[in-house]
Amino acid sequence: MKRTLSVLVENRPGVLTRVAGLFSRRGYNIDSLAVGRTENPSISRMTIVVDGDEQIIEQVCKQLNKLIDVIKLSDITDDPHVGRELMLIKVNADPAVRGEIMQIVDIFRARIVDIARNSLIIEATGDADKIDALENSLRPFGIREVVRTGKIAMLRGAKTKGMEASGDGTGD
Amino acid sequence: MGQETRVRTGARAVMEVLQAEEVELVFGYPGGAVLPLYHELARTSIRHILVRQEQNAVHAASGYARASGKTGVCFATSGPGATNLVTGIATAYMDSVPVVIFTGQVPTSQVGSDAFQETDITGITIPITKHNYLVKDGEELPRIVKEAFYIASTGRPGPVLVDLPKDVALALCQTPVPEKVELRGYKPTYQGHPGQLRALAKLLQEAERPVLFAGGGVVASGAEGYLRELAEKIQAPVATSLTGLGAFPEDNPLALGMVGLHGKPCANHAVMECDLLVGLGVRFDDRVTGAIEKFAPQAKIAHVDIDPAEIGKNVRVDLPLVGDISCVLKELLPLVEPATHPTWLERVKTLRNNYPLTYGRGGEVRPQWVIERLGEMTRGRAIITTDVGQHQMWAALFYGYTEPRTFISSCGLGTMGYGLPAAIGAALARPDRQVWVITGDGSFQMGMAELGTAVEQGLPLKILLFNNQSLAMVRQLQHFYYERQYTAVKFTGNPDFVRLAECYGATGLRITKQEEVVPVLARAMQNDGLTLIECLISEEEMVYPMVLNGAALNEMLLPE
Ligand SMILES: Cc1ncc(C[n+]2csc(CCOP(=O)(O)OP(=O)(O)O)c2C)c(N)n1
């Protein structure tokens with residue numbers, strides 16, 4: 001079971017180490033982890049996708065909450081949210097197949113951001129399914145390199161998972 | 001404190017916080033990088049205890065904290081000083097002991113350059129501290145140090161480390177010490193949830209065979225009075241964990257004693273037969289539960305703990321309750337009606353009679369018997385610190401603790417070398433109490449350099465050293481699990497411990513025969529200086545009861 005956790009943390013050096021270290025130390029699996037600062041420069045948001053059964057996810061959340069630098073944690077998997085990932089993908093692209101690749105790029109509403117003699121770099125954003133589908137469609141041409149950011153997510157509508165939504169870092 | 005802004009060095013600002021926190025003494029070991037702190041420490045009335053190895057500074061601070069209920073403090077220098085702390089920090093972390101540790105660090109300009117005596121001590125100690133800091137800006141120092149004390153001592157207590165680069169300690173700092181701590185990511189829950197409290201009261205009322213199970217959390221929150229009131233009000237027997245020894249007086253008729261792989265038979269049986277087990281500030285360690293799938297099979301389990309992450313971590317829990325044990329019990333008491341469980345208590349009595357704590361026959365001097373005598377002669381009121389091994393389990397089983405904070409031992413990490421330095425801390429915290437170290441020849445040799453510290457400080461410690469010339473607890477494991485092939489457990493180069501004590505200017509005594517036990521213990525008790533008693537015992541002694549791997553708690557091996 002994959003869960004998406006949205007975690008507000010103090011924007012301080014070492015916080016990423018604490019979070020990532022907690023996962024490795026306790027044997028939890030991180031699927032992806034994306035981090036960047038929020039509208040408040042003293043706070044960063046981590047979007048963490050973890051895989052595990054209910055018991056593991058519960059422990060992950062409780063252990064994360066114990067970190068002093070974790071301000072608020074929400075499991076947003078079941079809340080309506082927009083989830084996005086950015087991918088850069090470098091594919092083989094002889095002149096003979098370029099047209100075909102461009103068609104695929106169009107269909108996925110991705111963009112070509114670099115052209116070399118025999119290769120292209122394509123930029124795509126979307127949810128994990130779309131990104132996976134694009135990657136699969138390009139595979140026959142020969143993929144040279146893939147870079148993905150991991151998922152970032154935001155709740156739909158006016159709702160936020162910010163500080164004001166009761167910031168008890170250790171409770172419940 | 002600190003209303004007007006005063007300019008002083010960072011190191012001076014640290015002292016201001018220490019004084020505001022009413023720190024009376026600091027354990028430590030100096031070195032170049034931490035000298036700014038030492039320089040300022042000398043200008044305060046805070047006492048410094050110079051240990052012989054940094055690990056022991058943390059152990060001593062932890063012994064001090066456990067005996068007094070206050071926060072222990074220690075200093076060490078960068079690099080090797082800091083890495084020497086690691087075992088001590090991990091020991092304090094596992095037993096949730098509040099200590100604040102200051103390490104010196106190379107100047108910020110050199111941090112990250114593999115400079116002389118540089119280690120990334122904050123990186124190293126992330127997994128074994130409750131929180132840690134590398135201070136980069138002197139102006140943040142007053143806040144950080146204040147936070148460190150707050151974090152160490154509140155919620156589930158634990159060690160907090162502050163790594164202080166030399167230039168930051170020397171730089172001028174204008175910021176006053178803040179009045180209050182504001183941490184948006186840290187708000188421990190003390191009060192129990194009212195609905196869950198009512199649910200727990202109901203469970204207690206409905207139970208026919210309840211057992212209360214008290215751990216270190218009861219001691220940490222000073223909840224022993226409430227625990228006793230509750231146990232007596234609803235006539236429920238009380239078992240304890242190793243860290244919980246003393247949380248419930250063992251001379252109380254409701255006391256079951258320690259539960260676990262080397263627990264008392266009666267406690268283990270009671271846990272296996274109860275229909276409600278209420279864990280109070282315990283963490284259901286694997287040394288407590290035995291085979292987890294066979295643990296307390298008939299019981300509903302309620303778990304009260306200040307750390308939500310402990311609840312449901314190891315055992316299934318029917319009723320979770322997050323909160324401080326004192327707060328929770330105080331609120332729970334008026335919600336429960338007095339109750340009696342005559343059949344259950346009768347059953348517990350039968351268990352106690354049918355499975356007494358015995359130790360069979362064996363060598364000339366029986367360590368279990370010696371500890372029983374010590375318990376009688378001190379009326380269970382001395383502070384006992386221990387090392388790790390067979391002697392630790394005998395000290396846990398045979399002494400008879402009647403008060404909290406009188407059993408001080410490395411329970412969670414099982415750190416040999418803990419006993420003597422922890423006793424130094426305890427003796428400084430409680431000069432009114434006799435402090436006894438119960439140790440083995442293996443463990444003692446890991447910390448014996450601290451004899452120097454104890455003598456220097458004039459501490460009248462009593463050390464009861466069981467010499468079996470072996471690492472007998474490991475030998476016991478080899479006996480049961482490795483076909484009695486005893487590898488690497490025998491010492492042939494032990495010193496003469498009596499003369500070793502005398503070398504340090506202490507008194508050395510020896511017990512070789514049963515009839516010497518009481519007179520020698522009595523002599524040690526009358527002696528007002530540091531006294532070491534070497535007690536010669538057989539390496540073939542075993543700790544019983546013993547629950548073998550994979551067995552349930554009530555499937556104990558007992559002496560024949
Ligand atoms: C630092 C450390 N190293 C190794 C161990 C593993 N260990 C557990 S008990 C024990 C034997 C302890 O021997 P001793 O102190 O003589 O006590 P005894 O069992 O003989 O009473 C050992 C080596 C440990 N607990 N701590």
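Values below: every heavy atom of this structure, side chains too, minus hydrogens, waters and symmetry copies. Every chain is numbered from 1 and lettered A, B, ... according to where its sequence line falls, protein lines coming before strand lines.
Of the inter-residue distances, the one linking B:Lys187 atom NZ with A:Ile71 atom CD1 reads 9.5 Å to the nearest 0.5 angstrom. Here the OG1-CD1 distance, from A:Thr17 to B:Ile126, works out to 5.5 Å after rounding to the nearest 0.5 Å. For the atom pair CD (B:Glu147) and CD1 (A:Ile68), the distance works out to 9.0 Å, reported to the nearest 0.5 Å. For the atom pair B:Leu183 CG and A:Glu10 CD, the distance stands at 8.0 Å (nearest 0.5 Å).
Along residues 128-145 of chain B, the residues that come nearer than 4.5 angstrom to chain A, judged on non-hydrogen atoms, are B:Lys130, B:His131, B:Asn132, B:Lys136, B:Arg143 in order of number. Within residues 156-164 of chain B, the residues having any heavy atom closer than 4.5 Å to a heavy atom of chain A are B:Arg156, listed by residue number.
Taking the charged nitrogens against the carboxylate oxygens, A:Lys62 and B:Glu310 have no contact shorter than 4.0 Å, which rules out a salt bridge.
Here the closest non-hydrogen pair linking A:Arg25 and B:Pro127 is CD-CB, 3.2 Å. Contact between A:Gln63 and B:Ala309 at its shortest, heavy atoms only, is NE2-CB, 3.6 Å.
Contact of A:Leu67 with chain B is made through the backbone alone, with heavy-atom distances under 4.5 Å. Neither the backbone nor the side chain of A:Ser24 comes within less than 4.5 Å of any heavy atom of chain B.
Counted within 6.0 Å of NZ on B:Lys294, heavy atoms from surrounding residues, nucleotides or ligands total more than 12; the atom is thus considered enclosed. Counting heavy-atom neighbours within 6.0 Å of B:Glu293 CD, excluding the residue itself, gives a total above 12. Atom CZ of B:Arg316 has more than 12 heavy atoms from other residues, nucleotides or ligands within 6.0 Å. Shown here is A:Lys130, whose NZ atom has more than 12 heavy atoms of other residues, nucleotides or ligands within 6.0 Å.
Applying the ring pair (Phe, Tyr, Trp, His ring centres under 6.0 Å) rule to A:Tyr28 yields no partners; only residues at least two apart in sequence or on another chain are considered.
Between the side chains of B:Thr122 and A:Arg18, not a single donor N or O lies within less than 3.5 Å of an accepting N or O.
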Using distance only, find each side-chain donor-acceptor pair of residues 136-148 of chain A under 3.5 Å and give its atom names and separation, not counting sequence neighbours.
from: A:Asn136; atom 1: OD1; to: A:Arg139; atom 2: NH1; distance (Å): 2.8
from: A:Asn136; atom 1: ND2; to: A:Asp132; atom 2: O; distance (Å): 3.3
from: A:Ser137; atom 1: OG; to: A:Ala133; atom 2: O; distance (Å): 2.7
from: A:Arg139; atom 1: NH2; to: A:Glu135; atom 2: OE2; distance (Å): 3.1
from: A:Arg144; atom 1: NE; to: A:Asn92; atom 2: OD1; distance (Å): 2.5
from: A:Arg144; atom 1: NH2; to: A:Asn92; atom 2: OD1; distance (Å): 3.2
from: A:Arg148; atom 1: NE; to: A:Glu85; atom 2: OE2; distance (Å): 2.9
from: A:Arg148; atom 1: NH1; to: A:Asp132; atom 2: OD1; distance (Å): 2.9
from: A:Arg148; atom 1: NH1; to: A:Glu135; atom 2: OE1; distance (Å): 3.2
from: A:Arg148; atom 1: NH2; to: A:Glu85; atom 2: OE1; distance (Å): 3.2
from: A:Arg148; atom 1: NH2; to: A:Asp132; atom 2: OD1; distance (Å): 3.1

